[in-house]
Protein chains: 2
Amino acid sequence: MKKKQTVTIYDVAREASVSMATVSRVVNHNHNVKPETEQKVLNVVKKLNYRPNDVARGLASKKTTTVGVIIPNVTNSYFAALARGIDDIAEMYQYNIILTNSDGDEKKEIKALNTLYSKQVDGIIFMGNDISDEVREELRNVRTPVVLAGSVDPKNEFPSVNIDYRKAIYAQFNKLFENGNDRIAFIADNLSRSINKDYRIRGYQDALKDAGVPFRKSLLIEATDVSYESGYKLQERLIKSGATAAIVSNDDVAAGIMNAMGDNRINVPEQFEVATSDNTQLTEMTRPTMSTITQPLYDIGAVSMRLLTKVMDNEEIENNNILLSFGLKKRESTKD
Amino acid sequence: MKKKQTVTIYDVAREASVSMATVSRVVNHNHNVKPETEQKVLNVVKKLNYRPNDVARGLASKKTTTVGVIIPNVTNSYFAALARGIDDIAEMYQYNIILTNSDGDEKKEIKALNTLYSKQVDGIIFMGNDISDEVREELRNVRTPVVLAGSVDPKNEFPSVNIDYRKAIYAQFNKLFENGNDRIAFIADNLSRSINKDYRIRGYQDALKDAGVPFRKSLLIEATDVSYESGYKLQERLIKSGATAAIVSNDDVAAGIMNAMGDNRINVPEQFEVATSDNTQLTEMTRPTMSTITQPLYDIGAVSMRLLTKVMDNEEIENNNILLSFGLKKRESTKD
DNA sequence: GGCTTGAATGAAAACGGTTTCTCTGCTATT
DNA sequence: AATAGCAGAGAAACCGTTTTCATTCAAGCC
C-alpha cells in the first residue's frame with residue numbers, strides 16, 4: 001500500500017542531508033556544488049524519483065517555459081504547418097506551447113490574450129493574418145514578448161515573420177499576364193483586412209500599373225470564408241466577371257474554384273487559369289495540380305519561434321520584421 | 001512615468017481595506033461575502049486592473065486548469081480535426097491546452113508525458129493510434145487522468161473515444177465485395193500497430209470469412225508512412241498484387257494512390273476502386289472524390305475532452321470506452 | 001601567523017495566491 | 001434574557017520552488 005505522496009525538494013534535501021538550496025542547485029545544474037555532494041543528491045533524486053514542480057518553479061522564478069500560440073484554426077493546413085514549425089523550435093529551446101484557436105475573431109483573440117497573460121506565459125506567437133486596433137492595444141497590454149507569424153502589422157510595431165506578400169502577388173500577376181490574361185481576378189476571404197488591402201491588393205495594383213491594364217473593381221472578389229465550399233460557390237461569379245484567370249489567397253478556396261470549374265466543364269488551365277498562394281500539400285493533390293506561390297510555411301513558424309526566444313532573452317535583434325523568401329511554382333493549373 | 005509593477009492580491013486587499021482572503025473570495029465568486037464588500041473589492045480590482053496570477057493559483061490550489069494534448073502531428077488533418085474538437089470543449093470548461101507533437105514516436109511520447117507531468121497538467125489527452133508497453137507504463141506513472149482519443153487500447157485500461165474500427169472495415173469490405181471485387185487490398189502505414197492488427201485487419205478477416213473468400217497475405221500492404229507520396233508510390237505494387245480495389249486507412253495515402261492511378265491511366269472507379277477511412281475534407285477535394293468511412297472527427301476530440309473533464313472531476317462514468325457511430329459515404333471512387 | 005579570498009553550503013525570505021481556522025457580531029429561538 | 005447558529009471577515013499556514021545573503025572553512029599570500 002504505497003501511497004504516492006508527491007515528493008518535494010524538501011524530501012530530497014532531508015534524505016540527502018543537505019539544504020533545499022543545494023538540491024535546487026544540483027537540479028538546475030548550477031555551478032558551485034561539490035561533485036560528491038552533487039552525486040549524493042542525484043542518488044536521492046533517483047531513489048525518490050523526484051520531479052521538480054514546474055508550477056512552483058514558475059512562481060519562484062517568474063518563468064514558465066511556456067509560450068502561448070494563437071492560431072485561427074488548427075484545422076487550416078496553412079496555419080497548422082506554421083504551428084508545427086513553432087512547436088519544433090519551441091521544444092528545441094525547452095518551451096511548451098499553449099495552443100488556442102481564435103477563428104480570427106477579435107473577441108476570441110482578446111480573450112485568449114488575457115488568458116495567456118494570466119497563465120504567465122513567457123511569450124506569445126500570434127497568427128491571424130493581421131491585427132485589429134483592439135487586439136493591438138491588448139497586445140501592448142500583455143507585458144510579454146509577442147511575435148507575429150504569417151501575420152502582418154503595417155505599423156511594424158511588433159516583431160514578425162512573413163514573406164513579402166506584395167511582391168509575391170506582383171510576380172504571380174505578371175506570370176498570368178504573360179500567359180495572355182488581362183482580366184485577372186484576385187480572391188481573398190476578406191478584402192478589407194490589412195494583409196489584403198495593404199499588401200496583396202497593392203501588389204496586384206502595382207502589376208496592373210506596370211502592365212498598363214486598367215483596374216476593375218469587379219475583379220476583386222471576396223470569398224465568404226477560407227473554405228473549399230466558399231471557393232466552389234465562387235466559380236459562377238468568377239466566370240461572369242469576365243476574368244480568365246484568378247489569383248487566390250488560400251489553397252482550399254482555390255481547390256474549390258478549380259473543382260467547380262471542372263464540374264462545369266470549364267477546362268483548367270486552357271479556359272481558365274488558377275494560381276494559389278500557400279503551397280500546402282493540397283496543391284499537389286488536386287487534379288490539375290495547382291500553381292502557387294511557394295512559401296516556406298514550416299520555416300515561418302520556426303523562425304518566428306526562434307525570434308521569440310531572442311526577444312525573451314533580451315538578445316540584440318538585427319531585424320525585427322523578417323521577410324522569408326518566396327517563389328513561384330508552376331504546376332498544372334496555369335499555362336506557363 | 002507609471003512603472004507597471006504587477007499588482008497582486010495584496011495590493012487589492014490593502015486598497016480595499018479588506019484581507020487577501022476576502023479578495024480571493026470575491027475573485028473566485030465565493031459565497032459568504034457581503035454584496036457591499038464584494039462591490040468595493042470589485043471596484044478596486046477594476047481600478048488597479050488586477051489579474052490573478054494563475055501560476056500562484058496553481059501552486060496553492062494544485063489545479064492548473066491546463067490539460068496536455070499529445071498529438072502525432074498537427075499537420076495531419078485527421079488529428080488536427082480532433083484537436084479542434086478538444087480545444088473547443090476545453091475552452092468551454094475553462095481549460096487550456098498544451099499541445100505537443102510526438103510523431104507517433106515512443107521516445108517523444110514519453111518525453112512529452114514527463115514534461116506534462118512536471119507542468120502539473122490536470123489531465124492528458126493522448127492521440128497516437130495505439131500505445132506501446134513503455135508508454136502504457138508511463139501513462140500509469142503520471143498520476144493524472146488520461147483519455148485516449150482516436151487511439152485504441154486493447155486492454156481497455158484507459159478511458160478512450162473511438163469508432164468501432166473493426167466493424168467499419170467490415171462494412172467497407174462488404175460494399176466493395178458487393179461491387180464485384182474479391183481481391184481487395186488493405187493498406188495501412190504500419191500493419192503491426194494494434195489499431196491495425198487487432199482491429200482493422202480483424203474486421204477485414206471477418207468480412208473475408210463471411211464472404212468465403214480466402215485470405216491472401218499479399219493483399220495486406222504496408223505504406224512507408226501516412227503521406228500522399230507514400231500512397232502515390234504504392235500504386236504499382238497495388239496493381240501487381242492483383243487487387244481490384246483497396247481499403248486505405250488514411251486519406252492522404254488514399255489520395256496518393258488514386259492520383260497515381262489516374263496519372264497511369266487507370267480509371268477509378270471503373271478499373272480500380274478506392275475507399276478510404278477518415279472523411280477529412282480532402283475526400284471531397286480530389287477528383288474523383290473519395291468514398292470513405294465517415295468518422296465524427298471533431299466529435300471524437302470533443303467527446304474525449306468532455307470525458308476527461310468528468311474523470312478530472314471524479315464524476316461517475318457509465319462507460320469508459322466510448323464508441324461513436326460511423327457511417328459509409330459513397331462518393332466517386334467506388335462504384336456503388 | 002594573521003589576513004584575504006573564494007568555494008561550498010545553509011537559512012530564510014520571497015513568489016502570489018488558496019484555504020483552514022478562528023473570531024465577531026447579529027439574528028432567531030425558546 | 002440567555003443561548004445557539006450563522007454570515008462575514010481576517011490571520012496565518014501552506015503550496016514547492018528560487019534566490020539572496022550570510023556563514024563556514026580551507027587554501028594562498030606576504
Notebook entry, point to check: Whole Å only: how far is the CG atom of Asn28(B) from the P atom of dG16(C)?
Noted result: 17 Å
Next item on the list: Write down the distance between NZ (Lys119(B)) and P (dT17(D)), rounded to a whole number of angstrom.
Entry: 15 Å
If you restrict it to nitrogen or oxygen atoms, what contacts under 3.5 Å exist between nucleotides 4-10 of chain C and the protein, and what is each distance?
from: dT9(C); atom 1: OP1; to: Thr37(A); atom 2: OG1; distance (Å): 2.4
from: dT9(C); atom 1: OP2; to: Lys34(A); atom 2: N; distance (Å): 2.8
from: dT9(C); atom 1: OP2; to: Thr37(A); atom 2: OG1; distance (Å): 3.3
from: dG10(C); atom 1: OP2; to: Ser19(A); atom 2: N; distance (Å): 2.7
from: dG10(C); atom 1: OP2; to: Ser19(A); atom 2: OG; distance (Å): 3.2
from: dG10(C); atom 1: OP2; to: Thr22(A); atom 2: OG1; distance (Å): 2.7
from: dG10(C); atom 1: O6; to: Arg25(A); atom 2: NH2; distance (Å): 2.8

Next item on the list: Would you kindly give the CD1-to-C1' distance between Ile9(A) and dC15(D), to the nearest whole Å?
Entry: 13 Å
Checklist line | Distance test, side-chain N/O of Lys62(B) to OP1/OP2 of dG16(D), below 4.0 Å | finding: yes
Item checked: Asp122(B) CG to dC15(D) C1', straight-line distance once rounded to whole Å -> 15 Å
Note to self: Using whole Å, what does the distance between atom C1' of nucleotide dG16(C) and atom CG of Leu59(B) come to?
What the structure shows: 9 Å
Check: Less than 4.0 Å between a side-chain N and a carboxylate O, is that true for Lys310(A) and Asp313(A)?
Finding: no
Item checked: Gln94(B), CD: over 12 other non-hydrogen atoms inside 6.0 angstrom -> no
Next item on the list: Round to a whole Å and report the spacing from CD of Gln120(A) to C1' of dG16(C).
Entry: 9 Å
Item checked: Salt-bridge contact Arg193(B)-Asp198(B) (side-chain N to carboxylate O under 4.0 Å) -> no
Check: Rounded to whole angstrom units, what separation is found between the OH atom of Tyr10(B) and the P atom of dT18(C)?
Finding: 17 Å
Check: Distance check: side-chain N/O of Tyr50(B) vs OP1/OP2 of dG17(C), anything under 4.0 Å?
Finding: yes
Checklist line | Closest listed nucleotide, where the reference is the side chain of Thr8(A) and the choices are dT19(D), dT19(C), dG16(D) | finding: dG16(D)
Next item on the list: Take atom NZ of Lys111(A) as the centre, draw a 6.0 Å sphere, and report whether it contains more than 12 heavy atoms from other residues, nucleotides or ligands.
Entry: no
Margin query: Apply side-chain contact (heavy atoms from CB on, under 4.5 Å) to residues Asn28(B) and Ser24(B) and explain how you reach the verdict.
Written below: CA-CA 6 Å; Asn28(B) 293 302; Ser24(B) 176; 3.3 Å; yes
Check: Which is true for Asp54(A) with a 4.0 Å heavy-atom rule: it touches a base, it touches only sugar-phosphate, or it touches nothing?
Finding: nothing
Check: How long is the gap from CD1 on Ile131(A) to OG on Ser151(A), to the nearest 0.5 Å?
Finding: 8.5 Å
Notebook entry, point to check: End-to-end bend of the helix from dG1(C)-dC30(D) to dT30(C)-dA1(D) (five-pair axes, 10° rounding)?
Noted result: 40°
Notebook entry, point to check: Out of dT19(D), dT17(D), dG17(C), which has the shortest distance to the side chain of Asn53(B)?
Noted result: dG17(C)
Margin query: Rounded to whole Å, how long is the line connecting atom CG of Asp11(A) with atom P of dT17(D)?
Written below: 9 Å
Next item on the list: For Asp105(B), check salt bridge (charged side-chain N to carboxylate O under 4.0 Å, His left out) against everything at least two apart and list the hits.
Entry: none
Note to self: Between Lys63(B) and Asp122(B) (salt bridge meaning N to carboxylate O under 4.0 Å), is one present in this structure?
What the structure shows: no
Check: Any side-chain N or O of Thr6(B) under 4.0 Å from OP1/OP2 of dG16(C)?
Finding: yes
Notebook entry, point to check: Does Lys107(B) come within less than 4.0 Å of Glu134(B), counting only side-chain N to carboxylate O?
Noted result: no
